[in-house]
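Quick note: numbers below take in every heavy atom, side chains included, and nothing from hydrogens, waters or symmetry partners. Reminder, nothing fancy here: chain letters follow the sequence lines and each chain counts from 1. None of the values given here were measured: they were computed from a predicted structure.
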2 protein chains.
Amino acid sequence: MSAPRTLDRTLLALADPTRRAILQRLSAGEARVTEVARPFDMSLNAVSKHILVLERARLVKRRRVGRDHFLSYRPEPLDAAAQWIAETRTFWASRLDTLERLLREEDEAERTRTSTDTP
Amino acid sequence: MSAPRTLDRTLLALADPTRRAILQRLSAGEARVTEVARPFDMSLNAVSKHILVLERARLVKRRRVGRDHFLSYRPEPLDAAAQWIAETRTFWASRLDTLERLLREEDEAERTRTSTDTP
DNA sequence: TTGACATTCAACTGATCAGTTGAATATATT
DNA sequence: AATATATTCAACTGATCAGTTGAATGTCAA
């Protein structure tokens with residue numbers, strides 16, 4: 001089951017290029033908030049808020065050392081999202097296949113019937 | 001490359017349980033707007049807007065037949081998202097592994113040095 | 001033609017989001 | 001103690017979102 005809110009938060013957090021860039025940076029190793037913010041053309045506060053969104057989704061963990069906050073990437077939610085998407089995709093695809101197969105069979109029947117009815 | 005906006009729209013569209021439920025319904029086959037809306041405890045208009053979000057993300061296609069609009073599920077964006085997540089996850093994980101390996105080696109060196117320095 | 005049906009359009013509300021600026025807090029440095 | 005640094009908090013703006021209601025549009029059916 002896994003509360004859908006978690007998935008919501010993960011996908012929402014990932015649906016933003018700035019946040020994905022932050023995660024990419026952190027996947028290379030821990031960094032402080034200021035370091036993370038440096039490359040971006042926006043205020044430190046703005047980045048701080050993005051980090052909060054990532055934290056809420058548990059994609060980022062914070063370790064306080066004095067005045068420095070070290071941020072690190074947590075892969076678990078991404079793993080979960082990947083698994084959900086993979087499973088769902090397969091399931092939905094199989095249902096589509098079923099439908100398409102049925103339609104194909106119907107078409108087949110139709111064609112046969114027509115060609116027999118009007119030779 | 002694949003314009004990140006596409007990914008943004010896909011993930012954003014998926015980050016909502018109502019929209020995921022709509023997709024699930026459509027994965028079982030085409031349906032009209034009213035049919036899709038029926039199970040939900042919200043106005044038809046609200047569902048219509050969710051459908052629009054899904055259309056913008058190209059997860060849903062619309063086929064007009066008279067006054068009826070038949071909606072169908074399009075798997076491509078989900079495939080793309082799954083692929084992106086899978087690749088990214090692997091890449092980020094490998095970078096994490098590298099870092100962890102480095103840290104482990106550092107620790108190892110530290111331990112060795114210490115134990116040699118103070119036997 | 002009249003009326004019912006399927007759907008969207010338009011306008012509105014309340015919530016959330018992304019960003020800004022300025023101040024506050026806490027820690028480090030001199 | 002004074003100052004600089006790292007970070008958040010608070011308050012604000014503008015945009016987008018999720019939902020509502022009521023009207024408009026287009027099509028089917030009697």
key: Rounded distance (Å) that lies between atom C1' of dC28(D) and atom NE2 of H69(B)   =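 Distance, rounded to whole Å: 13 Å.
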query = Rounded to the nearest Å, what distance is computed from the CZ atom of residue R64(A) to the C1' atom of nucleotide dT7(D)?
reply =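 After rounding, the gap between these two atoms is 10 Å.
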What I want to find out is whether [X] reaches [Y] closely enough, with some N-O distance under 4.0 Å, to be called a salt bridge.
X	Y	value
E55(B)	R62(B)	yes
E35(B)	R38(B)	no
R74(B)	D79(B)	no

ask   = Looking across every strand, which nucleic acid part, if any, lies under 4.0 Å from I51(A) by heavy atom: base, sugar-phosphate, or nothing?
value =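 Answer is nothing: I51(A) stays at 4.0 Å or more from every strand.
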query = So what does L71(B) touch, heavy atoms closer than 4.0 Å: a base, only the sugar-phosphate, or nothing?
reply =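 Since no nucleic acid heavy atom lies under 4.0 Å of L71(B), the category is nothing.
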query = Between dA6(D) and R32(A), is there an OP1 or OP2 to side-chain N/O distance shorter than 4.0 Å?
reply =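 So the side-chain polar atoms of R32(A) do come within 4.0 Å of the phosphate oxygens OP1 or OP2 of dA6(D), strictly under.
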task = Using the closest heavy atom to pick a nucleotide of DNA chain D for each, name whichever of D41(B) or G66(B) lands nearer the 5' end.
result =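 Here D41(B) is the residue nearer the 5' end.
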query = Can you list the other members of the hydrophobic cluster that holds L12(B), where links are side-chain heavy atoms under 4.5 angstrom apart?
reply =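 Noted: L12(B) shares its cluster with L12(A).
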key: Quiz item: cation-pi between R20(B) and W84(A), 6.0 Å / 45°   =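 So R20(B) does make the cation-pi contact.
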ask   = Start at the 5' end of DNA chain C and walk down; is the nucleotide closest to E55(B) or to V53(A) reached first?
value =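 First, find each residue's nearest nucleotide; the 5'-ward one identifies E55(B).
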query = Given that V65(A) and N45(B) both sit by DNA chain C, which one's nearest nucleotide is further toward the 5' end?
reply =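 Closest to the 5' end, via its nearest nucleotide, is N45(B).
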key: Test item: D8(A) and D16(B) side chains (from C-beta on) under 4.5 Å apart, heavy atoms   =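 Result no, sub-4.5 Å side-chain heavy-atom pair not found.
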request  = Anything under 4.0 Å to a heavy atom of chain B counts; send over the first and last such nucleotide of DNA chain C, read 5' to 3'.
outcome  =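 So the outermost contacting nucleotides come out as dA4(C) to dA11(C).
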